[in-house]
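Working notes, beginning with the structure itself.
Chain identifiers are assigned alphabetically (A, B, ...) following the order of the sequence lines, protein sequences preceding nucleic acid strands; residue numbering begins at 1 within each chain.
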Amino acid sequence: MNISELKSKHKPLKQMTYEPKELYRGYTDRTLYINLDTNDVMIKPVPARMKEKFIGGKGYGLRLLWDATKPETKWNDNENEIVISPGPICGITQYAGAGKSLVVAISPITDIVIDSNVGGFFGPFLKFSGFDALELQGKAKNDVIIVIDGTKNTVSIEEAPAEEIDSHILAEQLTEMYSDSTDPRDMKNISVISAGHAADHTMIGMLNFSWFDIKRKKCRLKQAGRGGIGTVFRNKKIKAVVVKSAGVTQDPNHVANMEAIKERGARFAREMKELDPHQCRMKQEGTAHLVNIMNDYNLLPTHNFKFGSHKNADALHSRVWNKKFTQGMNDGCWIGCTMNCAKAVDNFVLKSGPYKGQSVIVDGPEYETAAGVGSNMGIFDADTVIELNFYCDTYGIDTISFGTMTAFAMECFENGIITKEHTGGLELKFGNIESALELIHQMARGEGFGKIAGLGVRGMKKYFAEHYGADMNFMNDIGMENKGLEYSQYVSKESLAQQGGYAMTNKGPQHDEAWLIFMDMVNNHIPTFENKAEALHYFPMFRTWFGLMGLCKLPWNDVEPENNAQTDEPAKVPEHVDNYVAIYNAVTGSNIDKHEMIRQSERVYNFQRTFNIRRGYGLRKHDAQPYRAAGPVTVEEYKSLEEFYDKKMKEDIGVDPAGKSVEEKVAITRKYRENRYEQLLDAVYERRGWTKNGVPKIDYMKKIGMDLPEVIEVLSKHQ
Amino acid sequence: MGKITVNGHEIDWNDNMTVRNVLDRMKYSFRMLVIKVNGTIVKREDWETFPVPEGADVKVIHLMSGG
Ligand code: SF4
């Protein structure tokens with residue numbers, strides 16, 4: 001069907017014309033609300049207090065979601081919302097990494113708030129169209145497309161039965177449909193949010209945010225991956241949200257001081273040009289440069305996080321990705337990003353599934369994907385990683401969760417917890433490429449074992465225990481989830497601080513709150529509980545700030561100024577922190593310093609913790625980790641590093657391993673490590689101003705200026 | 001056999017040991033490193049040849065703080 005035929009099948013449900021509003025110093029001070037139960041479309045002003053306390057991005061998302069839902073709202077209730085919010089800095093083009101959106105919703109796998117930070121052009125275009133955030137509530141009866149046209153100032157809801165569901169086709173169809181012409185200069189003014197077939201049938205659905213790549217003349221996709229937001233999207237029967245912008249001008253945000261931003265941007269661009277080739281090579285390899293490094297440091301998860309390295313890891317080495325990625329392109333996921341790390345594999349010919357034989361563009365793989373669908377599943381084959389990456393993206397599922405849950409299922413299979421009888425004949429052994437591919441296609445079709453695996457690690461544990469009588473204790477030890485979210489791809493066993501960086505997160509174990517492994521395990525810079533607690537306060541707060549602003553974290557520390565090592569706190573990259581403070585002030589006309597920056601985050605971070613508590617979570621017991629995140633669960637794991645663990649037992653625990661069986665040594669190590677984690681929780685809660693049960697203290701909330709009545713009402717029950 | 005300390009961990013020392021030998025031994029393949037031997041910063045261009053004496057305190061600071 002051609003584009004006009006597809007469009008002719010649309011049935012308009014609603015069209016609203018709105019007053020245009022230009023941005024002023026990064027804000028429009030209004031949000032767009034759409035209800036798919038009633039087809040109501042509303043523009044809401046942002047109250048001054050909301051702006052002051054919640055800043056933007058994730059802050060706005062949390063505020064709106066709190067107000068829209070009740071403590072008992074479930075992910076698939078009509079009132080659950082998906083809120084997409086860029087943030088005041090989002091949309092500038094003079095500093096790297098300023099095109100991100102933050103997406104929040106009540107998650108189907110965690111039953112708490114999930115937040116995801118995503119590139120692509122949607123966030124900036126939403127702002128240029130006149131809105132600081134978009135709220136999507138209710139459920140449509142049939143598949144709909146929502147179109148926000150910033151050129152005509154209209155919002156429409158249209159039933160759209162004929163377009164494809166899978167993202168790599170749908171994004172192309174809608175970009176062409178809503179563009180003024182097929183001229184790439186027009187096509188680039190469209191951005192599409194979509195999911196895919198597997199988001200219909202699993203709990204790990206994600207959202208793709210598109211941008212049109214003028215050089216390639218193709219749509220590219222960036223993912224809001226974590227926590228099943230794509231599942232919520234499809235449950236609302238949204239096929240896509242389209243935004244159309246009039247284009248990008250020099251200063252669409254109407255900032256307070258453009259010269260200051262340009263100066264910092266030029267400085268950063270120089271660092272990228274001069275230093276990146278010797279540092280992380282982000283421009284050539286993106287985050288995939290990390291695979292072999294993590295393998296060298298025993299941090300690359302292999303076989304469901306049992307081990308941290310593998311003899312075949314060279315098959316996923318950065319050299320391999322360097323060759324697979326198209327070089328010589330400026331691959332930024334927003335205009336002006338001089339880091340340009342959004343690498344792609346062009347002309348990749350698929351070997352399986354409904355698109356078998358077709359030549360496609362694949363965005364990525366990034367490190368998390370290469371480790372998740374590669375080493376962690378025992379797959380050391382770059383082309384399979386690319387293929388799984390493509391299908392995760394177009395089917396609308398999260399590569400990280402897919403990797404961790406499949407690895408869990410594989411370990412269960414190898415332990416006889418599930419058999420071919422349960423998997424419908426799939427030989428789910430580590431490294432079985434055919435089975436891994438078949439599993440993902442089953443997820444898209446909503447068939448067979450794909451449907452069960454699609455429940456996620458927590459869902460599978462429950463299912464295996466209830467239906468197959470599996471041992472819950474063992475599954476709890478090896479099932480790499482916390483709060484219901486699957487772990488991202490770093491082995492945290494030898495870094496206590498990183499164990500906290502994962503399991504003490506608000507949303508679940510994603511490394512975007514804190515990545516402390518080098519500081520802790522390698523540099524040995526934070527040896528005491530107090531040191532670790534300080535890091536587990538500062539870094540989550542600092543990194544939360546990117547999500548308030550609409551910024552990408554990578555330009556902060558994936559290239560570093562030459563003199564960074566000589567600064568007083570190199571891990572914080574002080575010069576880049578100063579850039580961010582200066583840019584925030586230059587956009588908004590404020591005058592904050594680096595301390596107020598942390599305070600802004602503290603308010604939102606603690607609001608999110610309170611949000612979890614309001615929903616019956618967010619307490620100490622919810623920060624518990626699976627033991628595999630902390631140490632060797634099995635004899636096999638212990639034996640793989642026996643000399644190392646024995647030495648630790650002697651030096652750290654003060655127990656002589658001589659004459660002890662491996663089982664005894666596993667138990668002794670476990671007791672010690674579990675105890676250390678509890679001590680870490682105490683230290684971090686203290687530093688964060690929380691009670692021993694992990695609840696923010698009311699005095700502390702007053703001190704940081706977040707003692708809103710509704711917050712105090714929740715917290716006062718837990719003091 | 002003599003020893004040196006690398007980021008607080010004791011390892012064996014050998015004759016003619018250089019900074020490069022230490023990096024190889026520790027499998028430190030990350031590129032954003034600052035190296036100090038007994039408090040003196042060693043420039044990248046000297047890593048291959050800079051001698052690490054017996055008993056040295058070597059700090060290999062990995063700069064990236066975030067995955
Ligand atoms: S650094 Fe990479 S992910 Fe971040 S905005 Fe730039 S291109 Fe996108």
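N7(B) contributes no side-chain N or O that, together with a main-chain N or O of N524(A), makes up a donor-acceptor pair within less than 3.5 Å. Here the side chain of D296(A) pairs no donor or acceptor atom with the backbone of S29(B) at under 3.5 angstrom.
Taking CG from D558(A) and CE from M32(B), the interatomic distance works out to 7.0 Å, rounded to the nearest 0.5 Å. The structure places CZ of F518(A) at 13.5 Å from CD1 of I61(B), a figure rounded to the nearest 0.5 Å.
The two residues V60(B) and N523(A) come nearest to each other via the heavy atoms O-OD1, 3.3 Å. Pairing each heavy atom of Q279(A) with each of R31(B), the nearest pair is O-NE, 2.5 Å.
Ring pair Y297(A)/F30(B): centre-to-centre distance not below 6.0 Å.
For V34(B), the part lying under 4.5 angstrom from a heavy atom of chain A is the side chain only. Heavy atoms of Q489(A) lying under 4.5 Å from chain B are absent altogether.
Comparing H525(A), H278(A), R281(A) by heavy-atom pairs within less than 4.5 Å of chain B, the highest count is held by R281(A). By number of non-hydrogen pairs under 4.5 angstrom with chain B, the leading residue of D520(A), V522(A), N292(A) is V522(A). Contacts with chain B were tallied for A535(A), A565(A), G501(A); A565(A) has the most, counting heavy-atom pairs under 4.5 Å.
You'll find the side chain of Q566(A) reaches within 4.5 Å of the side chain of I41(B), heavy atoms only.
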